[in-house]
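The structure appears right after this line, and notes come after that.
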Amino acid sequence: MQNDDICMDVFSRLPIETLLGLKRVCKRWHGILSDRSFVQGLLQRPEPLVGFFFQERYQWAGEDIRTISFIPARMEVTQPNKQTIFSFLPEDVVVLGSCNGLVCCRSVFPSPSPYIIVCNPSNKQWTRLQGTRPDKESSYGLAFNPSQSDRDTTNFKVVRVSQARTDKDDDDSYLSFEIYSSQAGAGAWKKSKEVCQCNGNLVKNKGVFAGGKLQWLTDKDRILSFDVENELSWLISSPFPTSHFTAIPEMCIGEASGGRLHYIMISEEGLHVWALEDYYDSNWSLVHTATLEALEEENSQLLRNTRQRVSERVSVDSMPWMDPLAFKDGLLLMRVSTKMMLYCIETKKMKELCNVSELGRNCIFGPLVIPYSPSLAPLMT
Amino acid sequence: MSSSRIITLTSSDKVDFYVNEAVAFQSQTIKDVIGDGCEDKGTLLPNVTSEILSKVIEYCNMHVEAGKLEERSGVDEELKAWDAEFVKVDLDTLFDLIQAANYLNIKGLLDLTCLTVADLIRGKTPDEIRKTFNIEYQFTPEEEEELRRENQWASE
């Protein structure tokens with residue numbers, strides 16, 4: 001029969017999703033899969049995207065919507081969403097971001113005692129971050145680089161971005177940063193000396209961790225980037241000016257190809273994807289392009305009158321017909337009318353995953369959509 | 001062309017195999033042990049039976065031959081197809097091959113055999129896996145239920 005070394009070698013070639021199920025096979029396999037050193041080894045390899053967390057938001061109301069759905073990212077089979085992913089946590093939460101298997105979230109509002117929680121849905125471990133109370137206006141980003149952790153501790157950072165006005169001048173605002181470091185222990189939140197002169201607002205406000213930096217999309221053709229280790233902020237110019245178009249395009253950012261930031265834009269001229277080549281020069285390379293007509297031809301069952309519908313959106317207040325929500329490793333989750341679609345940029349194939357009505361009644365306005373790749377990184381409570 | 005010497009490998013059941021140096025050196029272990037140019041006095045492999053050793057040599061032979069071909073087009077696909085046929089063996093033989101590949105340090109064979117086992121695991125329910133690998137059912141129904149709930153969302 002197999003010895004443990006062979007088991008570990010074979011297991012190391014399987015995705016985390018499969019490994020989680022293998023714990024049920026027998027006690028020996030359970031033991032091997034729980035071994036700290038083995039888990040640590042797994043953390044060093046890149047894990048494929050398994051799906052997206054989806055949480056609705058009210059457009060106007062102050063309170064949060066508690067339900068979180070999980071949309072599996074599979075091109076072959078359409079699967080229903082599961083809503084009990086975070087039931088292991090002590091309270092209902094709003095997901096803020098995810099990085100290498102860890103998820104950062106905050107207590108739902110209203111709450112007498114809100115917290116930021118970092119958790120791992122794959123092993124159901126979680127930890128509450130002590131210190132600053134979370135608020136609804138700030139943006140958060142989770143930075144977790146597995147190679148910086150060791151066998152027994154998982155080291156991560158959470159960055160909070162807050163907007164402030166410079167004096168009474170209404171037009172000028174700047175961004176300030178606070179950093180929580182899991183290694184720092186008590187008094188773990190630290191205000192960074194770094195500020196960023198940025199007049200835009202952060203939109204689709206989940207931080208994307210790519211190339212050691214946390215990135216957020218803004219509404220002014222710029223991407224806010226924050227180098228977590230060196231505490232330096234930078235504004236990357238987006239690859240293409242949105243003012244060029246007649247209709248208002250929709251964008252999102254995501255990570256792919258081992259740490260490269262990608263920018264996705266859907267406009268009347270089609271679907272375009274760029275990858276960031278040079279950080280400081282805002283140098284992008286176009287890695288994928290498809291006209292709306294081409295998309296329609298390739299996916300005629302799912303798309304109709306695409307150009308007309310996209311071109312109709314001329315005011316920011318009207319909802320986009322086609323909205324890119326999240327992107328990771330070549331897979332784009334987007335909403336097209338009332339359907340959630342998964343688009344693979346390599347094959348140019350689109351797959352209908354579900355109807356938005358399956359996700360709730362408030363899906364159209366700015367939902368939180370966060371890509372998730374599992375890991376077994378441990379977290380102490 | 002330098003003359004290629006013949007290496008003698010002896011299996012655990014005392015059967016001698018005569019292989020080309022290039023073929024034998026597919027095994028990093030043998031390469032390290034025998035070294036360059038010294039007279040070969042035969043190498044005993046106490047952990048590998050003749051049945052398995054002959055299969056391992058078959059693999060090494062094929063991969064050395066494929067490596068020599070000048071014309072590369074189509075070779076990779078053919079080699080892949082040959083590999084796929086090569087691993088169509090019973091599970092015990094497969095595990096013996098993994099152990100031999102591990103002991104002899106033949107990366108290609110180790111990758112091939114481990115991936116084959118991984119493919120046997122992928123997509124199966126725990127019950128099916130136990131059946132495939134002849135693993136005894138050890139958990140009580142309560143334990144099984146607890147484990148199932150623990151990982152409910154990821155595996156279906």
Side-chain angles (χ1 to χ4, degrees), chain A residues 1-34 47-48 50-51 53 68-72 74 76-77 79-88 101 103 120-125 372-376, chain B residues 47 52 87 90-156:
Chain A
M1 250 329 239
Q2 321 150 260
N3 64 35
D4 283 6
D5 282 336
I6 295 184
C7 270
M8 284 202 244
D9 193 318
V10 171
F11 290 163
S12 68
R13 296 165 199 267
L14 290 164
I16 301 270
E17 261 195 299
T18 308
L19 294 181
L20 289 173
L22 296 186
K23 283 186 158 187
R24 288 158 56 190
V25 172
C26 63
K27 293 185 180 168
R28 206 171 124 241
W29 284 22
H30 191 282
I32 295 171
L33 290 163
S34 309
E47 198 62 34
V50 301
F53 292 124
I68 305 173
S69 304
F70 180 74
I71 305 176
R74 278 185 215 138
E76 301 90 28
V77 180
Q79 293 191 351
N81 326 305
K82 297 156 214 199
Q83 303 197 357
T84 56
I85 313 287
F86 293 98
S87 54
F88 64 96
V103 180
N120 186 339
S122 295
N123 58 25
K124 300 199 158 74
Q125 293 175 2
Y372 182 68
S373 302
S375 85
L376 295 173
Chain B
N47 299 342
I52 297 300
V87 285
D90 64 80
L91 212 50
D92 284 332
T93 309
L94 193 54
F95 285 124
D96 287 338
L97 282 171
I98 293 180
Q99 289 206 283
N102 189 28
Y103 169 65
L104 293 169
N105 199 345
I106 306 171
K107 186 176 186 310
L109 184 58
L110 187 62
D111 285 342
L112 174 64
T113 45
C114 282
L115 273 169
T116 307
V117 177
D119 285 339
L120 282 174
I121 292 176
R122 211 188 307 258
K124 287 198 164 78
T125 65
D127 255 344
E128 287 165 349
I129 293 174
R130 283 184 213 119
K131 213 160 154 246
T132 308
F133 294 92
N134 215 0
I135 298 174
E136 187 189 312
Y137 181 80
Q138 300 167 310
F139 296 117
T140 65
E142 294 80 33
E143 285 172 329
E144 169 94 37
E145 177 56 33
E146 171 66 37
L147 286 170
R148 199 185 62 76
R149 259 187 298 115
E150 232 177 59
N151 302 297
Q152 194 177 27
W153 78 279
S155 56
E156 249 331 64

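In the text below, chain A, chain B and the rest are named by the order of the sequence lines, each starting its count at 1.
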What distance separates [X] [atom1] from [Y] [atom2], expressed to the nearest 0.5 Å?
{"X": "A:Trp29", "Y": "B:Ile129", "atom1": "CH2", "atom2": "CD1", "value": "5.5 Å"}
{"X": "B:Glu145", "Y": "A:Arg24", "atom1": "CD", "atom2": "CZ", "value": "9.0 Å"}
{"X": "A:Asn3", "Y": "B:Ile98", "atom1": "CG", "atom2": "CD1", "value": "9.5 Å"}
{"X": "B:Lys124", "Y": "A:Leu22", "atom1": "NZ", "atom2": "CG", "value": "11.5 Å"}
{"X": "A:Cys26", "Y": "B:Phe139", "atom1": "SG", "atom2": "CZ", "value": "6.5 Å"}

Q.
Tell me the closest heavy-atom pair linking A:Val25 and B:Arg130, and the distance in Å.
A.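 Distance-wise, the nearest heavy atoms are O-NE, 2.8 Å.
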
**Q.** Smallest separation among heavy atoms of B:Pro126 and A:Gly21, with atom names
**A.**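 Smallest heavy-atom distance, with atoms named: CG-O, 4.1 Å.
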
(Q) Taking side chain to side chain contact (heavy atoms under 4.5 Å, CB included) as the definition, give me every residue that meets it alongside B:Leu91, ordered by chain and number, with sequence neighbours left out. (A)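 In terms of side chain to side chain contact (heavy atoms under 4.5 Å, CB included), with neighbours along the sequence ignored, B:Leu91 is linked to B:Leu94, B:Phe95, B:Leu120, B:Thr132, B:Phe133.
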
Q: With sequence neighbours left out, write down each residue that passes side chain to side chain contact (heavy atoms under 4.5 Å, CB included) with A:Phe88, or none if nothing qualifies.
A: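 Result, side chain to side chain contact (heavy atoms under 4.5 Å, CB included) vs A:Phe88: A:Phe86, A:Cys119, A:Pro121, A:Lys124, A:Trp126.
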
**Q.** Test item: A:Arg13 and B:Val117 side chains (from C-beta on) under 4.5 Å apart, heavy atoms
**A.**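 No. Closest side-chain heavy atoms not under 4.5 Å.
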
Q. Would a 4.5 Å heavy-atom cut-off, applied to side chains only, mark B:Asn102 and A:Ile6 as touching?
A.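 Contact flag for B:Asn102/A:Ile6 side chains = no.
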
Q: Check the pair B:Leu147 / A:His30 against side-chain contact (heavy atoms from CB on, under 4.5 Å), numbers first and verdict last.
A: CA-CA 10 Å; B:Leu147 286 170; A:His30 191 282; 3.6 Å; yes

**Q.** Any residue meeting salt bridge (charged side-chain N to carboxylate O under 4.0 Å, His left out) with B:Asp96, in chain and number order, not counting sequence neighbours
**A.**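 For B:Asp96, no residue satisfies salt bridge (charged side-chain N to carboxylate O under 4.0 Å, His left out) once neighbours in sequence are set aside.
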
Q. What residues of residues 105-114 of chain B sit under 4.5 Å from chain A when you count only heavy atoms?
A.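 Residues in range: B:Leu110, B:Asp111, B:Cys114.
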
